[in-house]
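Order of appearance sets the numbers: ligands from 1, and atoms from 1 within every ligand.
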Amino acid sequence: MCGIVAAASQNNVINILADGLKHLEYRGYDSAGIAVIENKKIHSYKREGHVSELTNILDKKLTSNIGIAHTRWATHGKPSEINAHPHVSDNNIAIVHNGIIENYIEIRDKFFKETKLESDTDSEVLAHLINSYSKENDILDAVYLALKEVKGSYAIAVLDKNNADEIIVARHGSPLLIGVGENVNYIASDAHALIMHTNKFIYLEDGDTASISSKEIKIYDTNKKPVQREIKKSNLSLDSNTKNGYEHFMLKEIFEQPEAVKATIQDRIINNTVPKEILGPNVDKYLSNFNLVQIIACGTSYHAALLAKHWLEKLAGIPCQAEIASEFRYRKHAVQKGTLAVCISQSGETADTLSALRQIKQEDNYVGTVAICNVPESSIARECDSTLITHAGPEIGVASTKAFTTQLVALMLLIIVLGKRFDVTDELEKSLCEQLKTLPTKIKSTLDLDNEIAELSKIFSNKEHALFLGRGSHFPIAREGALKLKEISYIHAEAYAAGELKHGPLAIVDENMPVVAVAPNNVVLEKLKSNLEEVKARGGKLYIFADIKAGFKSDEISQVFEIDAPMNPVAPILFTIPLQLLAYHCAIIKGTNVDMPRNLAKSVTVE
Ligand code: M6R
């Protein structure tokens with residue numbers, strides 16, 4: 001949520017800020033702004049809309065050695081130029097902020113009752129607060145004093161007109177890193193914004209504050225004690241920031257899935273076994289004493305959790321609960337002794353999941369925490385006992401695709417390791433490993449459905465609503481298909497367990513309601529077929545994604561798309577692919593912004 005980029009250099013930083021914002025745009029894109037110090041004055045430029053709206057108005061002659069910039073996803077105050085960051089106080093202090101200041105009304109009433117605020121944001125009060133403390137303190141102290149008043153989450157970067165060489169930054173609950181350069185240092189919400197300039201990063205920890213100039217980086221902990229943080233080398237490639245010839249990041253990422261899955265299993269399956277060492281040095285803390293699993297996640301990652309629950313219970317006989325993090329964190333739990341917590345998150349920064357994890361760590365009955373995560377340096381990855389990184393590579397499209405399929409692959413590896421003390425025999429382990437190894441090739445063949453699905457989308461994209469049906473371990477896949485469709489094409493879609501149709505949703509089925517069915521050749525196939533007959537009998541049009549052996553034929557009411565997905569536990573992963581393509585092609589026909597759908601952002605670092 002919101003992207004921050006900033007730089008202090010011996011040279012002009014304008015292009016660094018503008019390019020950085022473009023690479024962070026996936027985090028929020030309803031307005032953008034930049035503030036620099038030039039001739040001892042703060043100059044600020046803001047625009048509603050995408051980053052290009054801002055860069056179009058930037059004076060080509062503008063130069064400065066220091067500046068902060070922001071791309072916004074609105075929380076307090078609608079998307080508008082006034083509410084865009086930076087917020088400038090008294091022409092003295094400019095700040096950019098990611099996160100939510102929960103007590104901003106209290107702060108406003110306590111300190112600024114007489115001040116006319118310009119914006120409706122929570123962030124503007126923080127700019128005024130820092131400014132008022134800066135009258136009698138140096139800027140670092142002013143930031144410390146202001147943040148003492150704040151409840152909520154933040155990553156901030158602050159410019160002070162009277163201190164034109166340094167930027168003060170602080171983080172609590174929202175990610176922020178420092179990029180280390182030669183005669184230049186950078187700040188950003190994530191490494192994508194800076195990888196073209198440096199691969200050396202310092203990941204700030206919660207409670208850290210830092211002062212950054214072109215020559216120096218000084219980091220302090222919550223008590224203002226200087227601290228050292230390790231400089232890490234990133235292996236992000238410049239390539240991951242480009243579409244590589246594809247029209248959209250989403251399409252590129254869908255087609256990257258064979259490679260992403262291959263990378264996720266690589267070196268983790270050895271002679272058809274999965275060693276416990278894939279979970280790192282802390283695995284023994286929980287491996288021999290856990291007896292049930294609690295999974296926590298949001299959105300697409302939650303759909304991965306739902307499928308993992310099926311797998312854990314069916315394949316390993318391990319009891320499992322899966323819950324949406326935003327619900328989990330606000331209810332009382334009856335936690336059983338010996339619970340292992342698993343957090344699934346592409347970004348590793350999702351506020352609800354992170355906060356649920358932190359609650360779990362306070363509770364004695366949990367014996368360990370495992371992260372399934374795509375970003376090794378993220379908070380969730382760092383704060384769990386074990387982390388199984390999904391090697392999907394950076395996912396830029398807001399709609400999660402390759403992150404989802406690689407999460408499923410990583411979860412299957414985890415289940416194999418956890419299940420050895422339960423029902424996963426050597427024989428089952430071997431068979432699951434073999435299935436995982438065939439996945440990249442099978443995904444490649446499933447991607448061949450692309451043209452057929454593009455054709456289908458010509459009809460589908462005219463619809464206003466759609467129903468997605470699945471049963472058992474394929475119900476989470478139907479849910480994911482519905483989420484993908486609504487997220488990027490804005491067609492309202494709902495998923496139901498097919499057996500639930502007759503308990504209500506069948507009432508909305510008629511010739512205008514397309515019904516998408518996920519039809520593997522498994523034990524509930526005949527039951528699913530009966531459910532689909534109920535749809536046909538009501539005139540509903542069916543689009544069936546079926547295994548080649550499931551015995552479906554197209555007719556005037558149903559159109560069948562065949563997938564070679566043998567009846568085995570990893571089949572649901574293959575059924576995901578055509579549903580991603582369906583959402584993509586519908587969005588293209590509807591002309592929506594595929595990579596940056598309205599109202600959303602990639603990394604949800606606010607509640
Ligand atoms: O980074 P996370 O996996 O924690 O993100 C969770 C959700 O915000 C995310 O999966 C979201 O639902 C996707 N944009 C859906 O495509």
S.K.: Using the rule side chain to side chain contact (heavy atoms under 4.5 Å, CB included), only one of L251, I588, V398 pairs with V594; which is it?
M.R.: I588
S.K.: Look at atom 1 (O) of ligand 1 and say which protein heavy atom is nearest, naming residue and atom and giving the distance to 0.1 Å.
M.R.: S347 OG, 2.7 Å
S.K.: Between K262 and E259, does at least one N-O distance fall below 4.0 Å, as a salt bridge requires?
M.R.: yes
S.K.: Only one of S189, S379, S153 forms a side chain to side chain donor-acceptor pair (under 3.5 Å) with R171, so which one is it?
M.R.: S379
S.K.: Hey, does E377 have a side-chain heavy atom less than 4.5 Å from the side chain of F201?
M.R.: no
S.K.: Nearest to atom 8 (O) of ligand 1, what protein heavy atom do you find, and at what distance?
M.R.: V604 CG2, 3.7 Å
S.K.: Which atoms of ligand 1 sit under 4.0 Å from any heavy atom of V398?
M.R.: 13 (C), 14 (N), 16 (O)
S.K.: Provide the number and element of each atom of ligand 1 under 4.0 Å from a heavy atom of S345.
M.R.: 1 (O), 2 (P), 3 (O), 4 (O)
S.K.: Which atoms of ligand 1 sit under 4.0 Å from any heavy atom of K484?
M.R.: 15 (C), 16 (O)
S.K.: Is Y29 close to P597 at the side-chain level, that is, under 4.5 Å between some pair of heavy atoms?
M.R.: yes
S.K.: Give the numbers and elements of all ligand 1 atoms closer than 4.0 Å to a heavy atom of S301.
M.R.: 2 (P), 3 (O), 10 (O)
S.K.: How far apart are the closest heavy atoms of E383 and R358, and which atoms are they?
M.R.: OE2-NH2, 2.6 Å
S.K.: Could you find the nearest protein heavy atom to atom 6 (C) of ligand 1 and give me its residue, atom name and distance?
M.R.: C298 O, 3.4 Å
S.K.: Check each atom of ligand 1 against the heavy atoms of A399 and keep those under 4.0 Å away; list them by number with element.
M.R.: 16 (O)
S.K.: Please identify which atoms of ligand 1 are closer than 4.0 Å to at least one heavy atom of Q346.
M.R.: 1 (O), 2 (P), 3 (O), 4 (O)
S.K.: Parallel, tilted or perpendicular: which fits the ring planes of H85 and H70, with parallel below 30° and perpendicular above 60°?
M.R.: parallel
S.K.: Would you mind running through ligand 1 and noting each atom that sits below 4.0 Å from a heavy atom of T350?
M.R.: 1 (O), 2 (P), 4 (O), 5 (O)
S.K.: Using a strict cut-off of 4.0 Å, indicate which atoms of ligand 1 neighbour a heavy atom of E487.
M.R.: 13 (C), 14 (N), 15 (C), 16 (O)
S.K.: Would you say that T369 contacts C343 through its side chain, given a criterion of any heavy-atom pair below 4.5 Å between the two side chains?
M.R.: no
S.K.: Give me the residue, atom name and distance of the protein heavy atom closest to atom 10 (O) of ligand 1.
M.R.: T300 N, 3.1 Å
